[in-house]
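The structure appears below as structure tokens.
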Amino acid sequence: MTTPDGAVLFACIGAGLLYGLLGSITHLRRQSLRGDVLAHSAWPGVLVAFAITGEKSPVVLALGAFVFSAGFGLVITWLERLFPRLKGDGAHALLLSGSFALGSVVWSLMQRHMEGLGQAGLKSFLLGQAAAVQWPDAWTLLGASMLAGLFVYSFRRDISGILFDRDHAFLLGQPTLAVEWILDLFLALGVVCGLQVVGMVVLSALLVALPLAVRPHTKSFGTFVLASTMLGGAIGFVTPWLVIFLESSFGHPGKGIPTGPIFVVMATLVAIASLFGPRFNNKSVATGIGVRR
Amino acid sequence: MAKEPLPPAEAVVRLEDVTVAYGDRPALWDVDLEIPKGSLTAVVGPNGAGKTTLMKTMLGLLKPATGRIEILGESLAHSKGKVAFVPQRSSVDWDYPATVGDLALMGTHGSLPWWKPVGKEEKRRAREALEMVDLVGLADRPINQLSGGQQQRAFLARALSQDAPLLVLDEPFQGIDASTERAILDLFRNLRRMGRSLIVVHHDLHTVRDLFDFSVLLNVRVVAAGPTESTLNEENLRATYGPRLGLDPRRAPHGPYDGARP
Ligand SMILES: Nc1ncnc2c1ncn2[C@@H]1O[C@H](COP(=O)(O)OP(=O)(O)OP(=O)(O)O)[C@@H](O)[C@H]1O
Ligand SMILES: [Mg+2]
């Protein structure tokens with residue numbers, strides 16, 4: 001049996017860590033759909049960037065994706081401020097199909113007016129293209145997860161306080177707005193980092209599945225976030241091996257088995273198994289308060 | 001013999017001309033209020049009188065349409081962390097991954113810079129707060145496995161661990177059993193003796209009369225505010241609640257029954 005390509009392996013691990021971490025935060029913000037919307041709106045962003053510049057360079061496309069993602073993120077936040085009833089998933093649901101439809105419209109317009117779109121590889125933004133992953137992709141994902149992890153760890157108390165009870169955090173003097181902005185920014189950046197490698201469908205599924213899988217077994221903010229991140233990394237590590245195994249067993253020459261969907265299927269299976277399975281409620285006493293001295 | 005007017009006591013909360021409206025319906029109208037430092041103050045009034053609105057406004061959670069607010073002699077922006085608040089109805093997600101101990105610790109987080117880990121001092125304060133509300137035994141229980149009264153006590157613990165000079169509590173005894181309520185009321189008096197100020201929205205006028213030294217009677221306007229003995233009288237209560245004393249919250253203080261007063 002061959003071993004997976006190093007870049008693919010580390011890109012998968014990086015994606016798992018990153019989306020496990022970001023997913024745990026969106027889960028706590030009850031914004032499971034937010035990643036979905038940001039990812040879906042990155043798609044028209046990529047297309048528009050390509051249409052304007054005619055260039056396929058990753059930087060240009062990523063910039064287009066980021067502008068659209070962040071823009072839609074702002075629209076959601078703004079809608080929620082204006083109409084508190086949309087809190088939770090209302091505004092997201094509203095924009096989710098809209099952003100994807102927008103992408104499809106742009107896509108068909110472009111196919112009519114531009115040549116050579118098929119080779120442009122823009123479709124890889126949907127399901128990713130693990131086969132073409134390079135080392136820079138892997139470093140980007142690993143770097144982004146480290147950066148996000150560092151921020152969440154450093155400001156864990158502010159973040160957990162704000163996500164749990166915004167009013168209380170505000171009264172304590174915790175920087176509610178700044179933290180919310182930075183978390184939004186990390187999500188938009190995270191989406192863009194993985195878009196071409198992981199694909200938007202895969203990415204948003206990971207954001208939802210990973211935190212869901214660990215929630216029943218964790219009872220504190222720290223353990224929850226850490227477990228979601230680690231589970232992502234672990235599944236990311238296993239996935240490329242599984243793909244090689246499946247390819248050698250069932251694959252046809254020239255028709256590989258896509259890595260992204262396998263990643264999602266794994267994460268979803270683990271999530272479902274964990275929802276039905278036994279609970280490992282960690283006995284560890286995070287606070288040490290209940291312990292008699 | 002005329003009493004010498006005392007020098008104005010320091011105010012823990014001072015509101016001037018505060019008006020708050022939801023849409024175009026005012027919930028508080030032209031409120032002028034001074035609550036003395038070191039007092040155990042009750043805010044009473046019928047449902048919909050604007051008590052919750054008053055608490056949230058003086059904490060800066062609601063923006064008044066007009067008026068000025070001072071907390072502990074400073075503007076609202078400078079009062080961060082100095083006021084502990086227990087809301088009447090909290091919209092928090094009780095499925096959040098946190099234990100009772102975590103919740104109690106949250107009160108201490110305002111005084112801790114981000115680079116410092118939670119230390120002995122914070123744990124001590126959280127533990128003491130849990131002892132006060134008799135929840136130490138449940139410190140490691142996830143908050144989604146608490147009863148309604150236990151949730152309320154956990155929130156009280158979070159406010160107590162903050163060690164704030166001013167505590168604002170909006171109907172803190174909802175769903176709390178009688179003996180715990182009495183214990184917590186005793187605790188309030190102890191805190192007051194230690195120099196803290198407390199402002200409590202409370203519906204039981206008997207306990208207000210017995211235990212609270214300052215009272216604010218509210219019904220959109222401040223009907224009366226002052227030392228409980230002189231403020232909580234028949235006339236003011238009728239002006240606040242209407243003639244059937246608290247049974248008919250829809251009657252405005254100066255509604256049609258005014259003329260029927262003796
Ligand atoms: N979010 C809101 N939007 C619109 N109107 C509101 C809102 N919150 C409160 N009100 C109105 O403002 C008035 C004051 O409400 P508030 O909650 O301050 O009353 P309260 O004195 O705390 O009552 P209770 O004893 O029932 O807690 C009420 O008439 C209420 O209908
Ligand atoms: Mg109220």
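In what follows, every chain begins at residue 1, and chains take the letters A, B, ... in the order their sequences are listed.
Under a cut-off of 6.0 angstrom, the local environment of CZ in A:Phe276 is sparse, with at most 12 non-hydrogen atoms contributed by other residues, nucleotides or ligands. Atom CH2 of B:Trp29 has 12 or fewer heavy atoms from other residues, nucleotides or ligands within 6.0 Å. The environment of CZ in A:Phe186 is crowded: more than 12 heavy-atom neighbours from other residues, nucleotides or ligands sit within 6.0 Å.
Classified by interplanar angle (parallel below 30°, tilted 30° to 60°, perpendicular above 60°), the ring pair B:Tyr96/A:Phe221 is parallel.
At a threshold of 4.5 Å between non-hydrogen side-chain atoms, the residues B:Arg158 and A:Asp165 count as touching. The side-chain heavy atoms of B:Ser79 and A:Leu171, taken from C-beta on, include no pair separated by under 4.5 Å. By the 4.5 Å heavy-atom criterion applied to side chains, B:Thr99 and A:Ser220 are counted as neighbours.
With a 4.5 angstrom heavy-atom cutoff, A:Arg166 does not touch chain B via any of its atoms. In this structure, the portions of A:Phe170 lying under 4.5 Å from any heavy atom of chain B include both its backbone and its side chain. With a 4.5 Å cut-off on non-hydrogen atoms, B:Val100 does not touch chain A at all.
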Step by step, work out the salt bridge (Lys or Arg N to Asp or Glu O under 4.0 Å) result for A:Lys219 and B:Asp140.
-> CA-CA 9 Å; A:Lys219 57 179 186 178; B:Asp140 293 322; 5.6 Å; no
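Between A:Phe164 and B:Leu103, the shortest heavy-atom distance links the atoms CE2-CD1, 3.2 Å. The shortest non-hydrogen separation linking B:Met106 to A:Ser160 is CE-OG, 4.0 Å. Of all non-hydrogen atoms in A:Leu172 and B:Gly107, the two that sit nearest each other are CD2-O, 3.9 Å.
Looking only at heavy-atom pairs under 4.5 Å with chain A, the residue among B:Asp95, B:Val83, B:Ile143, B:Leu135 that has the most is B:Asp95. Most heavy-atom pairs under 4.5 Å with chain A, from the set B:Lys82, B:His109, B:Arg141: that is B:His109.
Interatomic distance, OG of A:Ser154 versus CH2 of B:Trp114, reported as 5.0 Å (0.5 Å rounding).
Under the 4.0 Å criterion applied to side-chain N and carboxylate O atoms, B:Lys56 and A:Asp167 are not assigned as salt-bridge partners.
Listed for the A:Arg157 side chain is a donor-acceptor partner under 3.5 Å among the backbone atoms of B:Pro113.
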